[in-house]
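Atoms within each ligand, like the ligands themselves, are counted from 1 in listed order.
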Amino acid sequence: MSTPPTRCLVTHLESPVDNSLHPAGKVHGVHLGRPLVVRYDLEKARGLIDREEMASRTGGVWRWRELLPLPWDIQPVTLGEMPTPILDCPNLGREMGLDFLQIKDESTLPTGSFKSRGMTVAVSMAKWLGLKRLAAPTAGNAGGALAAYAARAGLEAWVFMPGDTPVVNQRECLLFGAKVFSVNGLIHECGKLVRENAEQMGWFDFSTLREPYRLEGKKTMGLELALQCGWKLPDVILYPTGGGTGLVGMWKAFQELQALGWLRGQALPRLYACQSDGCSPICVAFDRGERHAETFNPAHTKASGLRVPAAVGDFMILEAIRQSGGKALRGEETRLLSWMEKACSLEGISLCPESGVCLDVLAKLRAAGEVGPADRVLVWNTGAAQKYLECLPANLPTIDQHQPLGPQLQPFLNS
Ligand SMILES: *Cc1c(COP(=O)(O)O)cnc(C)c1O
């Protein structure tokens, strides 16, 4: 292996397919058509940092500097990512028959979704490595985040989205100055378009898991969760799974924390990958006990982040949930909006439709007794409800401006 970059603990990258090693500090795409994974000198990390040191720092992503691939003397491309709150949900918990239900609310991150975690790291690496034109297929929020971080970095963002991508995602990309294309097809077809034209256009393929560094940013979800829980992880975690970067990243975080000795031999949480029954390729593969997933067709769901019929990291998602003792489960498409409304109105949390899928899965797990009333359950809210204009209730009652109180207020007067 060539010498790793100075002041950075990355030793190499590794292929989970043939275990081949690849040099640190370089531009990388896929190997044998599958993702590469960044490895660190965790022994050395143990000598440099400990749990108290990490707790004493600020920041949601860059506090984990020693466990990230950007050399320490390089300024990251950042929009001030802060740790996201873990919120108790007693009302929703009561509804589900759970004593300890929490939501980790990523809607507070830059551009309103957790995609910023991956992009701050990947765009920082891209800039450091001298890339100029970043291109990505997106089902929605990844495009907005790429556009914003590329703008911050002074790089070009080229975004390819299915025609039915939420209107806010389409317009935010334009607002942040990206070149945006609406494609007659789903995200995997947008991805194909990027790959086919990459060489001619000088695009670097920024698709989920087709470059190795977005995963490292998403990994901070697991690191941050552990820190906030006082290094005592929940029993059960539900995660809305599309391309799976967040789930795979979380699992990688737990492995690294174990290697650092920071989890003190505790059992790791059961990870539940949640998908809509309108697009559930990982669930199909899980049910059949297969290593890879087949393309799901046709794919329909309002949870646009989960409209991913084929994931390049499918085997990594399946391996993580199997190792954790969890499952891949379907939530019902017909119930996702009502769960979204429940979380918003009962808890004041701006819950995205993707996480509505998780709540439906959770209700089923409770009904089946697979999750008990005393289990500590955590659900990821991966984005803000406001980004899904098409999913928000639309009809407002109107009041006749010539009357101080419209007739429709009468029933409430003495209530
Ligand atoms: C992208 C996205 C997902 C899916 O995330 P993966 O890590 O790719 O599985 C879930 N929810 C929202 C809001 C998203 O934007």
Side-chain angles (χ1 to χ4, degrees), residues 35 84 103-119 122 136-148 159 161-162 165-166 168-169 172-173 186-188 190-191 206-211 214-222 237-253 271-276 279-283 293 299 301-314 316-318 320-321 328 331 336 339-340 343 349-359 361 379-388 391:
T84 62
I103 291 181
K104 185 154 167 64
D105 185 12
E106 303 267 297
S107 70
T108 59
L109 283 164
T111 69
S113 91
F114 74 150
K115 290 294 194 295
S116 46
R117 287 187 189 269
M119 289 301 177
T138 175
N141 291 317
L146 171 59
V159 174
M161 33 176 62
T165 299
V168 172
N169 292 133
E172 70 182 344
C173 290
L186 290 172
I187 184 170
H188 63 300
C190 297
F206 236 56
S207 313
T208 291
L209 288 171
R210 284 186 179 272
E211 65 76 57
R214 278 175 69 181
L215 179 64
E216 293 307 291
K218 288 262 189 107
K219 182 180 81 178
T220 62
M221 297 165 69
I237 294 178
L238 290 96
Y239 179 79
T241 305
T245 332
L247 190 138
V248 173
M250 216 182 335
W251 194 242
K252 185 172 192 277
L271 295 183
Y272 288 91
C274 304
Q275 300 196 304
S276 160
C279 182
S280 56
I282 300 299
C283 302
T301 170
K302 286 199 178 68
S304 47
L306 308 187
R307 223 185 277 144
V308 183
V312 65
D314 53 3
M316 297 160 86
I317 304 171
L318 287 159
I321 53 185
L336 132 199
W339 281 116
M340 189 179 163
I349 296 174
S350 177
L351 193 101
C352 62
E354 287 81 355
S355 296
V357 172
C358 294
L359 293 180
V361 168
V379 174
W380 284 89
N381 179 36
T382 42
Q386 291 91 329
K387 298 197 80 176
Y388 302 79
C391 295

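- Ring geometry for W380 versus Y239: interplanar angle over 60°, hence perpendicular rather than tilted (30 to 60°).
- Of the residues M119, K115, M250, the one that meets the side chain to side chain contact (heavy atoms under 4.5 Å, CB included) test with K218 is K115.
- Taking every heavy atom of G246 and a limit of under 4.0 angstrom, the matching atoms of ligand 1 come to 7 (O).
- Put simply, part of P240 is less than 4.0 Å from ligand 1, judged by heavy atoms.
- Counting atoms of ligand 1 from 1 in the listed order, those under 4.0 Å from a heavy atom of Y239 are 5 (O), 6 (P), 7 (O), 9 (O).
- In terms of polar-atom proximity, defined here as any N/O pair under 3.5 Å, G305 makes no such contact with ligand 1.
- Closest protein heavy atom to atom 11 (N) of ligand 1: T382 OG1, 2.7 Å.
- Among all protein heavy atoms, the one lying closest to atom 14 (C) of ligand 1 is K115 NZ, 2.9 Å.
- The shell of residues lying under 4.0 angstrom from ligand 1, judged by heavy atoms, includes Y388.
- When hydrogens are left out, the protein atom nearest atom 8 (O) of ligand 1 is G243 N, 3.1 Å; that is the closest non-hydrogen contact.
- Within the structure, ligand 1 has T241 among the residues with a heavy atom less than 4.0 angstrom away.
- A donor atom on one side chain and an acceptor atom on the other are found under 3.5 Å apart for E106 and T84.
- Within the 4.0 Å heavy-atom cutoff, A142 does not count among the residues contacting ligand 1.
- If you take OG1 on T241 and CG on L318, they are separated by 10.0 Å, rounding to the nearest 0.5 Å.
- Residue contact annotation: K387 has no non-hydrogen atom under 4.0 Å from ligand 1.
- To the nearest 0.5 Å, atom CG of residue L146 and atom SG of residue C173 are 7.5 Å apart.
- For ligand 1, the atoms lying closer than 4.0 Å to a non-hydrogen atom of K218 are 7 (O).
- For the pairing with C358, the side chain to side chain contact (heavy atoms under 4.5 Å, CB included) check across N381, L351, I103, V379 returns one residue only, V379.
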key: side-chain contact (heavy atoms from CB on, under 4.5 Å) assessment of T165 paired with S304   = CA-CA 7 Å; T165 299; S304 47; 5.8 Å; no
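- Separating the SG atom in C352 from the CG atom in D105 is a distance of 9.0 Å, to the nearest 0.5 Å.
- Remark: ligand 1 atoms within the under-4.0 Å shell around heavy atoms of T245 are 6 (P), 7 (O), 8 (O), 9 (O).
- Between L247 and ligand 1, no N or O atom pair is found at a separation short of 3.5 Å.
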message = Set out, in order, the CA-CA distance, both residues' side-chain angles and the distance that settles side-chain contact (heavy atoms from CB on, under 4.5 Å) for Y388 and K302, then state yes or no.
response = CA-CA 9 Å; Y388 302 79; K302 286 199 178 68; over 6 Å; no
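- Within a 6.0 Å sphere centred on NZ of K252, other residues, nucleotides and ligands contribute more than 12 heavy atoms.
- Listed by number with element, the atoms of ligand 1 under 4.0 angstrom from any heavy atom of N141 are 13 (C), 14 (C), 15 (O).
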